[in-house]
Amino acid sequence: IVPDVPVIPDVQLPDGVSLVDDYQITGRFLINAWPDDGRNIAKRIKEAFVLPADMRIEITQRNDNPVTDDMGLGTGAKIKLYKTGVSEPVIFLELVIFGDGCGDGWINSNDFSAVFDFMYRGKHRLEAELLAMDAVPDGFINSNDFSAVFDYMYRGRKIPQTRLSATGGQ
């Protein structure tokens, strides 16, 4: 059986770059950005990257539009680290909020629909969206993930935002 969520090797941060405030990298995705705790705010994410003087960070929305420091980001937001004077990023990450499969930064009925459309209508999804829809981290998008979103919305059960690997484990 082939998992719905691709397995992607973890990105390694360059020398001199570190990540604080409990954010994590799994695959090429930045995780642990739970919106209820304000962890998906652009400024907080920027400040979580400790960069040497010769590097800068750029964060954009998933559609490449610029962000403001106070903006809440959703799954698929792009995080790029650049060396001074270099036009190509040395690191490219995408934000993933588990449960936020539609990428609006909140877990709501839109995410219900995203899981449903993937499961029953075969709608194509980007890798970050697939990982976000796998709310029960087993590598498959199924009724368990649908239930996790439901349980968050109607029972207040938090969806865990950390993973041991890009597909599965906690």
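Quick note: residue numbers are just sequence positions, from 1.
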Check: When hydrophobic residues are tied together by side-chain contacts of less than 4.5 Å, even through go-betweens, does Ile31 share a cluster with Trp106?
Finding: no
Notebook entry, point to check: Are Leu13 and Val96 joined in one hydrophobic group, where the rule is that I, L, V, M, F, W and Y side chains link up if heavy atoms are under 4.5 Å apart?
Noted result: yes
Margin query: Using the rule that Ile, Leu, Val, Met, Phe, Trp and Tyr join whenever any side-chain heavy atoms are under 4.5 Å apart, tell me whether Ile159 and Met119 fall into a single cluster.
Written below: yes
Next item on the list: Please test Asp21 against Arg44 for side-chain contact (heavy atoms from CB on, under 4.5 Å), starting from the C-alpha separation and ending with a verdict.
Entry: CA-CA 9 Å; Asp21 196 14; Arg44 186 165 178 180; 2.8 Å; yes
Notebook entry, point to check: If only atom types and distance count, is the side chain of Arg39 paired as donor or acceptor with the main-chain N or O of Asn32 below 3.5 Å?
Noted result: yes
Item checked: Shared hydrophobic cluster for Ile25 and Val20 (ILVMFWY, side-chain gaps under 4.5 Å) -> no
Notebook entry, point to check: Given the rule in the side-chain contact (heavy atoms from CB on, under 4.5 Å) test, do Met71 and Gln61 qualify, once you have shown the distances and angles that lead to the verdict?
Noted result: CA-CA 10 Å; Met71 184 177 286; Gln61 297 176 51; 3.6 Å; yes
Check: Under 3.5 Å, side chain of Asn108 to main-chain N/O of Asn110, donor-acceptor pair present?
Finding: yes
Next item on the list: If a pair satisfies ring-ring contact (aromatic ring centres under 6.0 Å, His included) and one of its residues is in residues 33-69, list it, with sequence neighbours excluded.
Entry: Trp34-Tyr152
Note to self: List the residues meeting side-chain contact (heavy atoms from CB on, under 4.5 Å) with Thr60, not counting sequence neighbours, and say none if there are none.
What the structure shows: Glu58, Asp64, Lys78
Next item on the list: List the steps and the verdict of salt bridge (Lys or Arg N to Asp or Glu O under 4.0 Å) for Asp104 and Arg62.
Entry: CA-CA 9 Å; Asp104 63 2; Arg62 61 192 277 152; over 6 Å; no
Next item on the list: Write down the atom of Leu130, the atom of Asp4, and the distance for their closest heavy-atom approach.
Entry: CD1-O, 3.5 Å
Check: Looking only at heavy atoms, which two atoms of Leu73 and Ile59 are closest? And how far apart?
Finding: CD1-CG2, 3.6 Å
Margin query: Run Leu95 and Phe29 through side-chain contact (heavy atoms from CB on, under 4.5 Å) and show every step you take.
Written below: CA-CA 6 Å; Leu95 185 67; Phe29 306 103; over 6 Å; no
Next item on the list: Start with the C-alpha gap between Lys46 and Asp69, add the side-chain angles, then the distance that decides, and say whether salt bridge (Lys or Arg N to Asp or Glu O under 4.0 Å) holds.
Entry: CA-CA 9 Å; Lys46 283 181 186 177; Asp69 280 349; 3.1 Å; yes
Notebook entry, point to check: So, Asp111 side chain and Val115 main chain: donor-acceptor pair closer than 3.5 Å or not?
Noted result: no
Notebook entry, point to check: Between Arg157 and Asp151, does a salt bridge (Lys or Arg N to Asp or Glu O under 4.0 Å) hold up when you go through it step by step?
Noted result: CA-CA 6 Å; Arg157 289 189 191 146; Asp151 286 348; 3.0 Å; yes
Checklist line | Least distance between heavy atoms, Ala114 atom then Gly101 atom | finding: CB-C, 4.1 Å
Check: So how far is it from Leu81 CG to Lys83 NZ, rounded to the nearest 0.5 Å?
Finding: 10.5 Å
Note to self: Please check this pair: side chain of Glu129 against backbone of Leu126, looking for a donor-acceptor N/O pair closer than 3.5 Å.
What the structure shows: yes
Note to self: Using the rule that Ile, Leu, Val, Met, Phe, Trp and Tyr join whenever any side-chain heavy atoms are under 4.5 Å apart, tell me whether Val90 and Tyr23 fall into a single cluster.
What the structure shows: yes
Notebook entry, point to check: In terms of the angle between their ring planes, are Phe116 and Phe146 parallel, tilted or perpendicular, with boundaries placed at 30° and 60°?
Noted result: tilted
Notebook entry, point to check: What's the shortest heavy-atom distance between Lys123 and Phe118, and which atoms?
Noted result: O-CD1, 3.4 Å
Notebook entry, point to check: If you take all heavy atoms of Asp134 and Ile141, which pair is closest and at what distance?
Noted result: N-CG1, 4.3 Å
Notebook entry, point to check: Could you state the interatomic distance from NZ (Lys158) to CZ (Phe98), rounded to the nearest 0.5 Å?
Noted result: 13.5 Å
Notebook entry, point to check: Just how far is it from atom CD1 of Ile107 to atom CD1 of Ile97, taken to the nearest 0.5 Å?
Noted result: 7.0 Å
Notebook entry, point to check: In Å and rounded to the nearest 0.5 Å, what is the CG to CD distance from Asp22 to Gln161?
Noted result: 12.5 Å
Next item on the list: May I ask you to decide if Asp100's main-chain N or O and Thr75's side chain share a donor-acceptor pair within less than 3.5 Å?
Entry: yes
Item checked: Side-chain (Glu94) to main-chain (Ile79) donor-acceptor, under 3.5 angstrom -> no
Check: When rounded to the nearest 0.5 angstrom, what is the spacing between CD1 in Ile91 and CG in Leu30?
Finding: 11.5 Å
Next item on the list: Please name the pair of heavy atoms, one in Val17 and one in Met55, separated by the smallest distance, quoted to 0.1 Å.
Entry: CG2-SD, 3.5 Å
Next item on the list: Please round to the nearest 0.5 Å and tell me the distance separating atom OG of Ser147 and atom CZ of Arg155.
Entry: 8.0 Å
